[in-house]
Amino acid sequence: MKIGITGGIGSGKSYVCHKLAGRGITVYDCDSAAKRFMRTSPAIMESLTKLIGEGTYSEGRLDKAKVAAFLLASEKNAKAIDAIVHPAVAEDFMQSGARWMECAIIYESGFDRLVDVVVAVTAPESLRLQRVMARDGITEAKAREWMARQLPQAEVERRCDFTIINDGCHDIDDQIDQLINKLK
């Protein structure tokens, strides 16, 4: 059985995955894999440069601000980047042997087809905003811009099989115990 962990930016997916790792569960991180491929895959680097333009890489280093500006400029741009990067990530996950996957955009990317069960990590929007602003050092407007690029939390919850509430009030370890027991 393959399990996907998803949730909007600032929901605490990585925190839950860290807790899973503490239990000996390896979780494949799609975001880290995408960044790795964008930094190291000659084919992806060439395709991104053709798509975004000169200056996408400077001295072999990805200009993250340029890529982010391009991605946020339109849905068409985001889909074009995804079409370049997502196939490599999907293939890498399938070859990794990992049973668990962390993917913020599991439904948007179609990666839900790679797993049998999807677990959503949720948190109130105000808390998610605070977390993202503090973590990334960005404004509320920029945090909201990133949030708007993802499916609404209610839609993710509707589609998923299980939910872990990461609001600082619900016990995460207890919810993980319940999830693991249900998956057995």
Side-chain angles (χ1 to χ4, degrees), residues 1-40 62 64 67-68 71-72 78 81-82 85-86 88-90 92-94 96-112 114-140 142-157 159-180 183:
M1 178 185 298
K2 293 192 183 286
I3 301 104
I5 305 284
T6 194
I9 188 170
S11 64
K13 294 175 303 302
S14 296
Y15 178 71
V16 169
C17 290
H18 175 75
K19 292 279 199 174
L20 289 167
R23 295 163 183 249
I25 296 171
T26 300
V27 181
Y28 181 92
D29 183 343
C30 289
D31 190 47
S32 292
K35 289 174 183 172
R36 175 173 42 89
F37 284 120
M38 291 171 74
R39 285 190 323 267
T40 63
L62 181 68
K64 292 186 256 182
V67 174
L71 185 142
L72 290 172
I81 290 174
D82 293 348
V85 179
H86 286 177
V89 174
D92 192 55
F93 169 70
M94 295 307 289
S96 73
R99 291 183 45 231
W100 294 71
M101 164 202 292
E102 176 185 356
C103 184
I105 55 171
I106 201 164
Y107 296 112
E108 299 94 324
S109 65
F111 286 9
D112 58 310
L114 304 176
V115 297
D116 303 299
V117 173
V118 178
V119 179
V121 179
T122 65
E125 183 177 300
S126 60
L127 182 56
R128 291 173 57 206
L129 280 168
Q130 288 173 12
R131 288 173 178 166
V132 173
M133 289 166 40
R135 179 191 71 199
D136 297 345
I138 59 175
T139 65
E140 180 177 334
K142 184 56 77 176
R144 286 188 184 281
E145 192 174 358
W146 282 109
M147 288 172 79
R149 283 277 168 207
Q150 299 177 335
L151 281 178
Q153 183 169 263
E155 178 63 16
V156 172
E157 283 185 79
R159 292 185 186 189
C160 75
D161 301 291
F162 299 98
T163 301
I164 291 177
I165 302 168
N166 185 16
D167 60 1
C169 299
H170 292 79
D171 186 303
I172 296 293
D173 289 311
D174 183 51
Q175 292 178 81
I176 291 172
D177 287 342
Q178 290 178 37
L179 170 65
I180 291 171
L183 292 175

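Because the structure is a prediction, the values reported are computed rather than measured.
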Practice prompt. Please confirm whether the backbone N or O of V85 pairs with a side-chain atom of D82, one donor and one acceptor, at under 3.5 Å?
Written response: no
Discussion item. Treating E140 as the side-chain partner and M133 as the backbone partner, does any N or O pair qualify as donor plus acceptor under 3.5 Å?
Written reply: no
Item to complete: Would you give the length of the straight line joining atom CZ of R144 to atom CD1 of I138, rounded to the nearest 0.5 angstrom?
Response: 11.5 Å
Fill in: Spacing of I5 atom CD1 and L20 atom CG [to the nearest 0.5 Å]
5.5 Å
Worksheet item: Any side-chain heavy atom of I3 within less than 4.5 Å of one from V115?
Response: no
Discussion item. Please determine whether a side-chain nitrogen of the Lys or Arg among D177 and R23 lies less than 4.0 Å from a carboxylate oxygen of the Asp or Glu.
Written reply: yes
Worksheet item: Does V67 reach the side chain of L62, with side-chain heavy atoms less than 4.5 Å apart?
Response: yes
Discussion item. Just so I know, are the side chains of N166 and T122 near enough to count as touching, which here means a heavy-atom distance under 4.5 Å?
Written reply: no
Practice prompt. Taking ring pair (Phe, Tyr, Trp, His ring centres under 6.0 Å) as the test, write out the residues that go with Y107, two or more places apart.
Written response: none
Worksheet item: Counting only N and O atoms by type, is there a donor-acceptor contact under 3.5 Å from the side chain of E157 to the main-chain atoms of T163?
Response: no
Worksheet entry | Heavy-atom side-chain proximity of R128 to Q153 below 4.5 angstrom | yes
Worksheet entry | Flag side-chain contact, heavy atom, 4.5 Å: V132 against K142 | no
Discussion item. Could you tell me if the side chain of F111 sits less than 4.5 Å from the side chain of V89, heavy atoms only?
Written reply: yes
Worksheet item: Does L183 reach the side chain of F162, with side-chain heavy atoms less than 4.5 Å apart?
Response: yes
Item to complete: Please round to the nearest 0.5 Å and tell me the distance separating atom CG of D92 and atom CE of M94.
Response: 11.5 Å
Discussion item. Is a donor from one side chain sitting under 3.5 angstrom from an acceptor on the other, for Q175 and D171?
Written reply: no
Worksheet item: So, for A120 and V156, which heavy atoms are closest and what is the spacing to 0.1 Å?
Response: CB-CG1, 3.8 Å
Fill in: Row check, Y28 ring normal vs K2 NZ/CZ: under 6.0 Å, within 45°
no
